[in-house]
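This report refers to the structure that appears directly beneath it.
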Amino acid sequence: MRGAILYGPRDIRFEDRPEPTIIQPTDAIIRLSATCICGSDLWPYRGIQPIAQPTPMGHEYCGIVEEVGREVRNIKTGQFVVGSFATSDNTCVICQHGYQSSCVQREFMSTAQASLLRVPLADGTLVATSDLPPKELIPSLLATSDVLGTGWFAADAANVKLGSTVLVVGDGAVGLLGVLSARQMGAKRIIAMSRHTSRQKLAREFGASDIVSERGDEGVARIKDLTKGIGADSVLECVGTQESMMQAIKSTRPGGYIGYVGVPHGVSLDGEQLFFAHVHLHGGPAPVRRYLPQLIKLVLDRKINPGKVFDLTLPLDQVAEGYRAMDERRAIKTLLRPNGTK
Ligand SMILES: [Zn+2]
């Protein structure tokens, strides 16, 4: 089979790779219906997060089960499944508390930009649909695998409730789906920070009531203006830079909540500033598995359409162009279709 391998900064190749096989009896092999490129894939792609050797890429996936190991009980060959970027047994104490992305048996998925994928801990990691879903829902189902699950966690961690005033920092795919999530959770007002016309438009479609294009101190001042000088109840931090984190902390009302899901790069917080900000901070790698059944149902019932964040669809063999388009911000998010998928 063939798949995407990163060799170094901006050098991604589509190459022959060995087909995955069952290694542990709890594994499954799935044939991907669709995969995609994550905003976090751009960190190593840009060389900001250096790689030691040629590295297979991809951690968002959905597809049809081809084979299961002898200890897999619930997942069956032929089922359509979605899984998270983090594997989980879904039974340990941490999983029972809803933090499957810190499962004691966790592994991070990293070879999903390919036609076939080995998924460890299949019973705990994968969620199957009862029937094969219609083709047009595949992009939205793929979105539940990471980008929607992560936006949803950001909103949940930020304690979004009926009537909340919400701020979303970051207009990437996760931020945009954070807007959708906050809307689903009943937010009254959703302020999206964005400077890009196409992203502003999608933010409004997903439920944003206000758009703020200023950043830094000016951005904070605008949020204060819009919230009677108080700040937002709930802030979703979906970038992971020092600037975005400070934007979030300074825009939250005392006693308010920040859900941070942007993977931090070079973020350091000042203890005293944090102390007097008087905010709740909760974030980390999203426990997508906790939300998957609910999110898959919302998609199948056609209540939400998170697949709209994919504004570029390419055959998998054009994966390099998919990365370029996202790197140059020509695309919000690229969906990849493996060749020969039914
Ligand atoms: Zn676990």
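Quantities reported herein were computed from a predicted structural model and do not represent experimental measurements. Whatever order the structure lists ligands and atoms in, that order sets their numbers, starting from 1.
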request  = In sequence, state the C-alpha distance, the side-chain angles, and the governing distance for D27 and R118, and then conclude on salt bridge (Lys or Arg N to Asp or Glu O under 4.0 Å).
outcome  = CA-CA 7 Å; D27 289 349; R118 180 178 81 93; 2.6 Å; yes
Checklist entry - Taking only residues two or more places apart in sequence or in another chain, which ones pass side chain to side chain donor-acceptor pair (under 3.5 Å) with E136? => result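 For E136, the residues satisfying side chain to side chain donor-acceptor pair (under 3.5 Å) (neighbours in sequence not counted) are R302.
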Qualifying residues under salt bridge (Lys or Arg N to Asp or Glu O under 4.0 Å), relative to R290, sequence neighbours excluded: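 With sequence neighbours excluded, R290 shows a salt bridge (Lys or Arg N to Asp or Glu O under 4.0 Å) to D156, given in chain and number order.
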Relative to each other, are the rings of Y257 and H280 parallel, tilted or perpendicular (30° and 60° limits)?
parallel
Closer than 2.8 Å to the Zn ion (ligand 1), which protein N, O or S atoms?
->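 Near the Zn ion (ligand 1), the protein supplies D89 OD1, C92 SG, C95 SG, C103 SG.
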Residues 97-148 vs ring-ring contact (aromatic ring centres under 6.0 Å, His included), sequence neighbours excluded, gives Y99-H282
ask   = Regarding R183 and the six-membered ring of F206, is the cationic atom NZ or CZ under 6.0 Å from the ring centre and inside 45° of its axis?
value =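 Judged by the rule, R183 and F206 form no cation-pi pair.
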